[in-house]
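All chains are named by letter (A, B, ...) in the order of the sequence lines, taking the proteins before the strands, and each is independently numbered beginning at 1.
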Amino acid sequence: MSDAVTPFQAPIGTHDVLAPRSAEWEGVVATFAQFAYRYDFELVITPMFEDVGVFNRGIGEESDVAKKEMYVFADRGERVYALRPEGTAPVVRAFIQHNPTTPWKAWYVTPAFRYERPQAGRYRQHHQLGVEVLGTDDPAVDVEVIALAERFYRALGLTRFRLLINSMGHDICRAAYVELLRAHLEKNAERLCDEHRTTWSVNPLRVLDCKDPACVAVTAEGPMLIDHLCDDCRDHFERVVKGLSSIDIESQLDPRLVRGFDYYTRTTFEFVADALGGAQNAIGGGGRYDKLAEQLGGKPTSGIGFGSGIERLLLTREAEGVEPRNLVERSLEVFVIDTTTHDVATVLVDELRAAGIATARAYDNRSMKSQMKVADKSGARLALLVGPQEFAAGEVTIRDLRSDDFEQTQRRVARGDVAFAVAELLTKS
RNA sequence: GUGGGCGUAGCUCAGUUGGUUAGAGCGCCAGGUUGUGGUCCUGGAGGUCGCGGGUUCGAUCCCCGUCGCUCACCCCA
């Protein structure tokens, strides 16, 4: 580090994830991948940035996310792109572009970027796990997507969370409802909160989401979308709720649940963690978006999906006091100590690793004592020692790091028998 | 975007009512004789006290600005 340069830091609202935290991440992602495959989803990887229109038309230009939270930039060719603020729109764009056979069931893990002021559970770069199903509006799929989320959370050890559910209706019945709501808001505009008193007409549904007591009071007297669904939408919703309860997943109707993206139709849901005290208590959410494909220029195609924030899941697990689980095993088996200057460690390590044995070694030609200390801290079960004596004899000393008297358990084997002897020692518990 | 709290070694934190070489624990490194870890002992490295400016004879400690962290509002994962 030169004294002239002040060290760089990770950008605001972003974080480096190092061990042991990264091991928890790995476990969460691996668990989700396992669930995704169990539910017959395939992995899809889409670009981190898209034409800004994918998001503007997808999540709605009037949404907060599109309006003031996107990272928008022009590249050197003056194309205007946005860093993905969410996972669904890009997947639908990819669906339209490649036209895979339906139903198309895809899962993803991706960073998401939103320009917000960071706080507990909220970052400028966070990471989402999610799934999308394109090409069917069967309520059984809604149930399956929600079930995947629910079972996944349980597999992570979470227990204190609730499923909130609502229906946004489809375009026709929602439009009719919005007019009812609009009329009600117009009549009571004076009583709304400061912000919505003037902005309610832009997107009346957003007022339902407002937590200000003033707005809550007004909307409580007004019409609720759930009571104004058309027959088809009502039936669809009922079948989703029934399907969920048939597999013992309790859902809680929340008529105010209007999620932040404009593309939702019919089923919308959110999992909230009770252990997370703050406002950022949603660990996952999603819903149906039967018009999104069209809005992005594709054929009319139904879709549904959900996304879950890895950071929030980890926070929730911590808040619930659940021990990190689903950790990917990382136990080092062998540590090679070499005090010669003949690259013995280099060869041994290569040989053992080729045999599938997790092996580490010391560097920098340190003393035997020093290398032993490193071996001890590494957590390896066995140490292989090669000093001048072993080197001259063409042998290697094998030492069990879990036993306290090395004179009893330490033994020497011929250089050529090392891999076999190590494998044997490792298999007997 | 608005507002509150905070910013001292890798980590967790003391500390100076402004005054000579800023401390602890953990971690790290090296020793404790002749090639062997975990305990113990000894020693050591490591800090422009976030950065810049101001007040002052003198600031890590006061003031201002700035950057960053954190929490809340908003919105969401």
G10(B) to G46(B) separation - P atoms, rounded to the nearest Å: 11 Å
- prompt: What interatomic distance, in whole Å, is found between C1' of G19(B) and the corresponding atom of U56(B)?
  reply: 12 Å
field: Distance in angstrom units between M70(A) CE and A77(B) C1', rounded
entry: 17 Å
query: Can you tell me if S308(A) uses its side chain to pair, donor with acceptor, with the backbone of I283(A) under 3.5 Å?
result: yes
field: Whole-Å distance separating the CE atom of M368(A) from the C1' atom of C29(B)
entry: 19 Å
message: Using a heavy-atom cut-off of 4.0 Å across all strands, would you classify R206(A) as base, sugar-phosphate, or nothing?
response: sugar-phosphate
- request: Counting Watson-Crick and G-U wobble pairs only, both distances under 3.5 Å, name the nucleotide matched with A59(B), or none.
  value: none
message: We want to know whether D142(A) and T267(A) form a side-chain donor-acceptor pair, criterion being a heavy-atom distance below 3.5 angstrom.
response: yes
field: Separation between the C1' atoms of C13(B) and G52(B), rounded to whole Å
entry: 27 Å
field: R366(A) vs C29(B): side-chain N/O to OP1/OP2 distance below 4.0 Å
entry: yes
message: Between Q119(A) and C73(B), is there a contact of a side-chain N or O with OP1 or OP2 at under 4.0 Å?
response: yes
query: How close or far is atom C1' of A30(B) from atom NZ of K373(A), stated in whole angstroms?
result: 8 Å
message: Would you measure the distance from the C1' atom in G23(B) across to the matching atom in C61(B) and give it in whole Å?
response: 15 Å
field: Closest-nucleotide ordering on RNA chain B, the 5'-leading residue of F271(A) and V386(A)
entry: V386(A)
message: Side-chain N or O of S370(A) versus OP1/OP2 of A30(B): is the shortest distance under 4.0 Å?
response: yes
field: Shortest side-chain distance from K369(A), nucleotide among A77(B), G35(B), G32(B)
entry: G32(B)
message: Taking the P atom in each of U16(B) and U39(B), what is the distance between them to the nearest angstrom?
response: 34 Å
Span that lies between the P atom of C26(B) and that of U33(B), in whole angstrom: 23 Å
query: Out of A77(B), C74(B), G3(B), which nucleotide sits closest to the side chain of Q280(A)?
result: C74(B)
query: Under the 3.5 angstrom rule, does the side chain of D137(A) hit a backbone N or O of S302(A) as a donor-acceptor pair?
result: no
Under 3.5 Å side-chain donor-acceptor pair for E86(A) and Y263(A): yes
- request: Could you please name the option among C75(B), C71(B), G35(B) that lies closest to any side-chain atom of R117(A)?
  value: C71(B)
statement: Against the side chain of Q389(A), the closest entry in G32(B), C75(B), G35(B) is G35(B)
- request: Pick the P atom in A77(B) and in C62(B), then give their distance to the nearest Å.
  value: 42 Å
query: Mind checking the P distance from A9(B) to A72(B)? Whole angstroms is fine.
result: 26 Å
message: Here's a test of your reading of the structure: between E270(A) and A120(A), which maps to the more 5' nucleotide of RNA chain B?
response: A120(A)
message: OP1 or OP2 of C29(B) versus the side-chain N and O atoms of K377(A): is any pair under 4.0 Å?
response: yes
query: Is R174(A) positioned over the aromatic face of Y177(A), cation under 6.0 angstrom from the ring centre and no more than 45 degrees off axis?
result: no
task: Could you let me know what U16(B) is paired to, Watson-Crick or G-U wobble, both distances under 3.5 Å, or none if it's on its own?
output: none
field: From CA spacing to verdict: salt bridge (charged side-chain N to carboxylate O under 4.0 Å, His left out), E395(A), R412(A)
entry: CA-CA 6 Å; E395(A) 295 179 330; R412(A) 281 170 62 155; 3.0 Å; yes
